[in-house]
Amino acid sequence: MSKPKVGIYGLTGCAGDQLVILNCEDELLNIVGALDIKSFSMAVSESDDDCLLDIVFVEGTVVQPRDEEMLQNLRERAKLLIAIGTCAVWGGLPAMKNEFSQEEIKKKVYGPAGDIFKTTAPQPLSSFVKVDLSISGCPIEKEQLLQAVASLLHGDLPRLPGYAVCTECKMSEYTCLLVEKGQLCLGPITVAGCKARCPGYGQPCIGCRGPVEEANVSSEIEVLKEKGFTWVDIQNRLRTFVASIDPLQIESV
Amino acid sequence: MSKHENCSDCQNPYTPHPARIIRILPQIPDHQLFQIHIRFEDQGKVFTYRPGQFVMLSVIGVGEAPFSISSSPTHEGIIELCVRRIGHVTDALFRLPPKAMVGIRGPYGNGFPVEKLEGNNLLLVAGGLGMAPLRSLLWYTLDNRSKFKDVILMYGAKNPGDMLFKYELLSLLDRTDVKCLLTIDKKDESAIWKAHVGVVTTLFDFVDIDPNDTYAAVCGPEVMFKFVLDELLKRNFAKDRILMSLERNMHCGVGKCGHCMIGYKYTCLDGPIFTYWDAINLPEMV
Amino acid sequence: MHNSIVIDHICRVEGHGGITVGIKDGRVSEVNMDIFEGPRFFEPLVVGRAYDEVSPILMRICAICSGTHTVASLRAVESAFGVTVSRQTHLLRDLLVQGGNIQSHALHLFCLSIPDFLNYPSAIALASDHAQEVKMGLELKKLGNTIQEAIGGRAIHPVNATVGGFGRVPTRDMLFDLKEQLKRGLEQSLTTVDLVSGLQIPDFCVSPNIYAALSSNEHGYSLFGDKIALSTGDTKDIEAYKEICNEQVVSHSHAKQSWFKSKPFAVGAMARIILNGQKLSGEAKKAKVRLGLDAVSDNMLYNNAAQAIELIYSIERAIEIIDELLEVGIREEKPLKFRVQAGTGIGAVEAPRGTLYHSYSFDEAGRLIEADVITPTAQNLANIEKDLRVAVENLMDEPKELLSSKLEMVVRAYDPCISCAVHLIEVNFE
Amino acid sequence: MKIITLPKENLTEFIGYLHAFGEIHAPTKRGDKSVVFAPVSDLSEIELNYTRTILPLKKYFFKPVDVMFNFYADKGYEAPTEEADKKYVIFGVHPCDIHGLKILDLVSNGRYVDTYYFAGRNKAAIIGLDCIPDDLCFCRSIGTDFVDAGFDLFLSDIDNSYLVRVGTSLGDDMVKAADTLFHEVNKEDREAYKRKSIERRKSFRTEIQLQDLPEIIDLEYENEVWHEVGEKCLSCGTCSMVCPTCYCYAVFDELNLDASSGQRKRRWDSCLFKDYALVAGGHNFRAERSSRVKNRFFHKQRGFVTQYGRPSCVGCGRCKAYCPAGIDIVEIVNKLRSQTRV
Ligand SMILES: Cc1cc2nc3c(=O)[nH]c(=O)nc-3n(C[C@H](O)[C@H](O)[C@H](O)COP(=O)(O)OP(=O)(O)OC[C@H]3O[C@@H](n4cnc5c(N)ncnc54)[C@H](O)[C@@H]3O)c2cc1C
Ligand code: SF4
Ligand code: SF4
Ligand code: SF4
């Protein structure tokens with residue numbers, strides 16, 4: 001079998017997910033040996049930005065017309081488009097909702113000079129193009145990335161867990177921060193894959209991997225309210241990583 | 001103590017046996033019939049099974065899935081699986097090169113109670129991929145023809161292009177020892193189709209069955225079950241003379257993983273063949 | 001002779017940036033380092049958040065130096081609340097920052113810069129001829145990540161460091177294990193110096209620089225400090241960081257630029273070695289002599305050499321920290337309890353690319369009123385443009401291709417982190 | 001059954017003797033409140049006064065994630081290299097957890113034997129210890145507050161000593177190894193045991209009515225309660241993970257980077273997960289959360305009874321204790337009952 005042609009691209013983001021690829025120090029030379037990497041601008045100068053691709057990994061959020069153009073172009077060129085990282089999958093931190101509008105923020109930051117920049121409301125990739133596989137995480141987990149590469153080399157798409165962080169948290173037998181310590185933990189509605197890293201360090205889950213399918217956000221809100229958290233705290237925590245979770249909407253249902 | 005004392009003697013039920021795909025016969029789009037030869041490392045053992053049983057098939061690196069055995073145990077040495085391409089494992093199966101190795105465990109499940117069926121009329125009602133397990137029973141009865149009274153097959157597909165085992169079944173039309181009724185849901189202008197048109201239940205008008213010495217075996221999509229059952233009940237079939245093959249999510253095939261549990265029955269151990277009476281007593285059923 | 005040079009996308013840097021050079025009548029009319037990474041408006045977004053949410057959000061400005069962002073952020077929060085952490089917590093944070101420095105410098109040297117000097121498009125290409133060296137570079141990089149994982153809980157966006165301390169303190173065994181790995185890394189970092197000393201460093205962008213770095217009271221070289229030292233001889237308290245980082249919006253870029261007394265200045269490994277290098281000891285001190293950084297250099301391409309020296313420093317320092325922790329005995333210490341109050345605080349740490357400032361104000365409930373984050377790359381941008389201009393003037397007659405690649409080399413030498421630069425800063429327009 | 005006593009002051013020494021029988025695991029503190037089974041070297045690390053550990057003993061024999069075998073494109077399937085014949089002594093197991101193990105033994109047996117489970121199970125000695133219940137324990141109603149088999153030794157607190165019941169010949173070997181530490185049971189011991197037993201029985205405060213529950217459940221199959229709990233349940237899986245008798249698992253293949261070899265693994269699964277009963281083609285037999293909560297309950301309190309003549313719940317209270325949404329089997333039972341009584 002010929003090596004799959006692969007592109008690794010970043011839209012607007014912290015480059016953490018591309019860095020996770022580079023952080024596979026032990027496997028990196030095997031990975032690049034098994035793939036025909038056509039573009040990886042964070043690590044490689046030579047880049048073919050016109051060729052057709054078998055697989056493209058895209059990191060980051062769409063926050064400006066330039067990002068969207070690039071994304072559309074990648075979609076046209078690639079057989080499989082894989083969103084890597086919570087920014088690409090859910091919108092991530094740039095899509096964090098708060099009381100300011102995009103224009104207001106731009107004004108605040110740049111003053112009148114801000115008018116020269118075009119920005120759009122930050123959105124995940126799936127708001128613009130079909131995404132064939134989503135690997136979420138802020139940043140993505142190395143194991144999931146390697147698993148994905150192995151499956152893709154086999155011609156298959158990896159099957160990533162759909163259950164919640166709590167499941168992994170309990171599998172590791174960590175003390176429950178929500179139930180036993182009354183902390184604001186988003187583990188029950190956040191998708192697993194991190195092996196409950198934060199609870200393992202005694203830190204509540206802040207939801208960096210995005211929600212599980214069918215997340216019961218309204219019940220989570222009820223639970224947190226019962227624990228005595230204010231509406232502002234709950235709201236803030238819920239809208240940190242995911243553009244589509246709007247607690248206000250959920251609350252009004 | 002209730003530990004298992006002699007575990008060193010137990011066979012690990014989870015490790016597949018190596019098997020080789022010896023032929024692939026394309027059926028209709030996204031459906032292929034795989035002929036598979038199973039090699040047992042410990043020689044001398046033959047792979048025997050009953051119609052209606054299934055195997056767990058593994059494709060290396062992708063996973064495992066259950067498939068009904070589509071061939072008749074009267075044909076020794078190989079098994080045939082009729083597979084629809086729908087997800088990870090089936091997709092990988094379709095990508096395999098010719099003569100590839102796969103893993104097989106089984107046979108599992110109860111299968112059809114053929115001894116009980118002997119001496120009776122048999123009415124087989126299939127829709128779509130439901131033909132896969134019923135084909136095993138069909139050929140089993142035809143190969144043991146003297147043990148059964150009348151054998152009737154009703155099989156419906158959406159259109160002629162969706163009919164599994166079409167030529168094999170068309171060839172049965174000439175036989176006198178089996179009544180083969182084929183139908184398609186809607187007539188497609190372009191296709192040549194001389195047989196019946198209409199949903200599978202409309203075929204009941206062409207047969208006259210005595211429910212008292214007949215067993216019905218039904219297999220097909222959920223929607224079909226309901227209508228066929230109505231028809232059978234209308235004809236006074238006893239609920240325990242209606243046999244059906246059920247599909248559930250399965251991860252082990254041996255009654256451990258829990259996925260196929262319906263109420264307190266394991267589809268993989270107690271099924272996949274259930275009588276209608278059994279099924280009524282299970283929650284979440286038809 | 002060219003009219004203009006446009007480099008659409010600088011590769012092998014973190015983020016998206018380009019270079020535009022305008023040439024008029026044989027003279028350079030403009031040089032712009034364009035940053036078109038999309039803006040993410042971190043500071044306004046974080047306003048209203050509880051104090052313990054600030055660092056997990058703001059560390060995500062950048063992946064490569066998220067550990068340093070975390071430490072700077074936590075120090076800012078603690079200083080706002082008047083919290084002083086334990087010696088153990090301080091040492092563990094120092095260790096975390098050293099881990100980040102090791103990973104970042106190894107990444108930059110082996111994956112981004114050395115291929116440059118040896119004319120390879122990437123470390124991957126380099127690996128086909130120099131597999132040993134690339135493997136070694138990756139192992140050094142991994143060492144940095146191992147430290148960050150052990151102390152921070154994750155190599156990128158650490159989860160274990162919190163306000164007042166750490167969620168889980170590493171065990172004695174983990175520290176012993178790290179030390180063993182560090183000893184091996186020290187050997188490798190010395191080999192790295194051999195490698196870097198063999199590189200020909202061109203001089204097409206030499207021009208006078210002003211350097212700035214934190215300076216500390218500690219007797220040794222440090223990545224922490226309460227004062228900012230400048231090569232002009234000026235010193236400032238970190239509280240006065242705005243006097244040197246008076247940021248301005250420039251039209252071609254999503255990042256803002258900094259000038260000190262209307263002159264550009266440089267921060268980063270080179271600035272630190274030049275300003276604090278006399279405090280180095282051990283192998284790092286020897287390497288500094290060996291790599292010719294003893295005399296003040298105005299050639300930013302030497303930044304790579306400075307990184308190689310710091311690679312040794314960070315490893316030696318990490319061993320030193322572990323030794324101290326083991327000697328005193330590592331205690332299972334919970335994060336400090338403290339009273340939340342209104343206040344303003346600044347945290348400054350030397351990130352791999354230079355001084356990083358986080359400055360926050362909180363209300364009585366501990367909610368953030370205002371945040372200001374100044375990243376090293378933002379501070380360097382004006383200086384990069386200055387160096388690019390010099391380079392274009394020196395190389396104007398070279399073929400376009402070559403010139404372009406030389407210009408990229410200048411930018412890359414600074415190891416810019418464009419995500420960092422475009423997190424965006426709030427300024428007041430009066 | 002052989003019964004002897006062990007003075008409390010001899011326990012430390014006895015535990016010393018146990019090292020010869022395998023690695024000792026016992027309840028230990030994790031964090032401020034939680035208790036978990038973990039390796040210990042002596043009595044000082046053991047938390048004798050605990051109510052429940054986060055995970056039950058199934059974690060030892062039916063691991064959260066376990067390798068089933070290796071696979072290779074060319075060689076086929078191979079059992080993983082055998083773990084050295086390591087033995088375990090699990091000390092301080094409460095009656096409900098021993099009952100939990102007995103249920104796992106039952107389901108792991110049968111026509112097909114779960115060899116992975118028994119590989120570990122057969123290597124572990126169980127030393128039971130009676131418990132101090134809290135309001136979440138309802139084992140007494142289920143009949144799992146006392147245990148008369150399924151342990152090698154069982155220790156009951158009779159004030160100054162433990163009354164030790166010897167359940168197996170291995171248990172007897174342990175006693176023999178530390179012969180001098182044990183005493184014959186005398187009259188006071190017998191009286192003390194009976195007195196303590198009554199006291200203990202009184203300390204179980206939470207009850208459910210088990211008789212006719214299967215019928216009630218059938219009758220109340222469409223009860224509103226299921227929708228109420230369905231609204232609350234987060235599908236987080238916690239209840240299934242911590243349950244001593246939840247034994248569902250999912251199987252998956254993990255491929256190496258060479259794309260031709262790897263491992264088949266299994267991990268704990270939960271019928272509360274959305275894709276649990278999903279079949280190819282997209283049909284989901286339990287698409288609604290309420291139907292999934294109901295299924296877990298139904299299987300434990302109704303289906304299992306038909307199959308094995310007893311519920312598969314041991315009343316340990318873990319699912320209530322750790323459910324973030326506070327869903328409580330006892331409350332569900334009471335609701336189902338009060339509504340039928342009307
Ligand atoms: C006893 C028994 C006998 C069977 N006999 C046969 C047989 O003879 N022939 C045969 O072809 N099949 C048969 N099946 C079904 C077969 O097991 C499944 O098709 C197979 O498991 C699919 O495996 P997979 O890995 O390819 O799919 P998976 O990748 O596992 O995909 C299936 C999963 O993804 C979901 N999914 C897949 N596709 C879609 C979609 N389009 N929309 C929504 N969700 C989707 C499914 O709901 C399911 O959970 C039988 C099943 C049982 C239980
Ligand atoms: S700590 Fe958080 S993730 Fe873990 S079980 Fe509790 S709620 Fe779930
Ligand atoms: S526990 Fe939550 S916040 Fe932490 S890594 Fe996992 S998903 Fe992210
Ligand atoms: S623990 Fe509670 S919320 Fe979680 S799945 Fe179980 S019942 Fe639902």
Side-chain angles (χ1 to χ4, degrees), chain A residues 10-20 22-23 25-26 28-29 32 37 40-47 60-64 66-67 92-94 96 98-100 102 105-106 108-114 116-117 119 122 138-139 197-198 200-203 206 208 232-233 236-237 240, chain C residues 9 11-16 36-45 47-50 53 56-57 60-64 66 107 111-112 115 121-125 127 131 134-135 138-139 141-142 145 153-157 159-160 162 166-168 249 251 254 408 419 422 424-427 429:
Chain A
L11 305 178
T12 294
C14 74
D17 306 295
Q18 293 185 69
L19 186 60
V20 169
L22 291 174
N23 279 359
E25 291 97 358
D26 292 336
L28 194 61
L29 294 178
V32 298
I37 297 190
F40 184 1
S41 69
M42 189 177 172
V44 186
S45 293
E46 280 172 355
S47 155
T61 314
V62 177
V63 311
Q64 53 181 347
R66 184 179 176 277
D67 292 332
L93 285 176
M96 196 193 293
N98 71 3
E99 46 272 87
F100 307 115
Q102 195 71 14
I105 291 175
K106 204 159 71 181
K108 263 175 110 63
V109 174
Y110 290 108
I116 48 173
F117 308 128
T119 54
C138 186
R197 188 186 299 271
C198 297
Y201 284 98
Q203 309 295 333
I206 58 172
C208 83
V232 177
D233 284 326
N236 277 345
R237 189 58 61 88
T240 304
Chain C
H9 192 207
C11 287
R12 280 188 283 146
V13 297
E14 185 287 322
H16 305 296
F36 32 75
E37 175 92 14
R40 289 177 293 160
F41 306 118
F42 269 102
E43 284 112 329
L45 284 178
V47 167
R49 293 290 182 141
E53 287 184 288
I57 292 174
R60 285 173 161 89
I61 287 173
C62 167
I64 303 183
S66 51
L107 172 73
C111 296
L112 314 177
S122 69
I124 300 161
V134 172
K135 274 221 176 85
L138 288 173
E139 275 173 34
K141 183 168 140 17
K142 187 177 170 189
N145 279 335
R154 180 159 67 187
I156 300 170
H157 305 332
V159 304
N160 190 27
T162 76
F166 284 86
R168 205 169 78 197
V249 178
S251 66
H254 281 171
E408 282 199 60
S419 305
V422 225
L424 294 168
I425 304 98
E426 186 163 355
V427 268
F429 299 89

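In what follows, chains are A, B, ... by sequence order, proteins preceding strands, each numbered from 1.
Between A/Q203 and C/T162 the shortest heavy-atom distance is NE2-CG2, 2.8 Å. Residue A/P94 comes nearest to C/L45 through the heavy atom pair O-CD1, 4.1 Å, listed as atom of the first residue, atom of the second, then distance. Scanning all heavy atoms of the two residues, the minimum distance from C/R49 to A/N236 falls at NH1-O, 2.8 Å. Nearest heavy atom pair, residue C/A63 against residue A/G16, reads CB-CA, 3.1 Å. Nearest heavy-atom pair, C/G153 versus A/R197, reported as atom, atom and distance to 0.1 Å: O-NH1, 2.8 Å.
Looking at C/I124, only its side chain comes within 4.5 Å of chain A, counting heavy atoms on both sides. Interface remark: A/V62 contributes no atoms to any contact with chain C (heavy atom separation under 4.5 Å). With a 4.5 Å cut-off on non-hydrogen atoms, A/I206 touches chain C through its side chain but not through its backbone.
Distance check, rounded to the nearest 0.5 Å: SG of A/C138 to CD1 of C/I156 gives 9.5 Å. Remark: C/L138 CG to A/L28 CG distance equals 5.5 Å, nearest 0.5 Å.
Although no hydrogens or angles enter the test, the distance criterion places a donor-acceptor pair under 3.5 Å between the side chain of C/K141 and the main chain of A/L22. In terms of modelled atom types and a separation under 3.5 Å, the side chain of C/R60 and the main chain of A/L93 share no donor-acceptor contact. A distance-only check finds no donor-acceptor pair linking the side chain of C/R154 to the backbone of A/C198 [under 3.5 Å].
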*Report the C-alpha distance between C/L107 and A/L19 in whole Å, list the side-chain angles of each, state the deciding distance to 0.1 Å, and finish with yes or no for side-chain contact (heavy atoms from CB on, under 4.5 Å).*
CA-CA 10 Å; C/L107 172 73; A/L19 186 60; 3.8 Å; yes

*asked:* Before you tell me yes or no, could you show the steps for A/D26 and C/E139 under side-chain contact (heavy atoms from CB on, under 4.5 Å), namely the whole-Å CA-CA distance, both residues' side-chain angles and the distance that decides it to 0.1 Å?
replied: CA-CA 8 Å; A/D26 292 336; C/E139 275 173 34; 5.7 Å; no

*Worked verdict on C/H157 versus A/C14 for side-chain contact (heavy atoms from CB on, under 4.5 Å)*: CA-CA 10 Å; C/H157 305 332; A/C14 74; 3.4 Å; yes

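Side-chain contact, A/E25 with C/N145: a donor N or O sits under 3.5 Å from an acceptor N or O.
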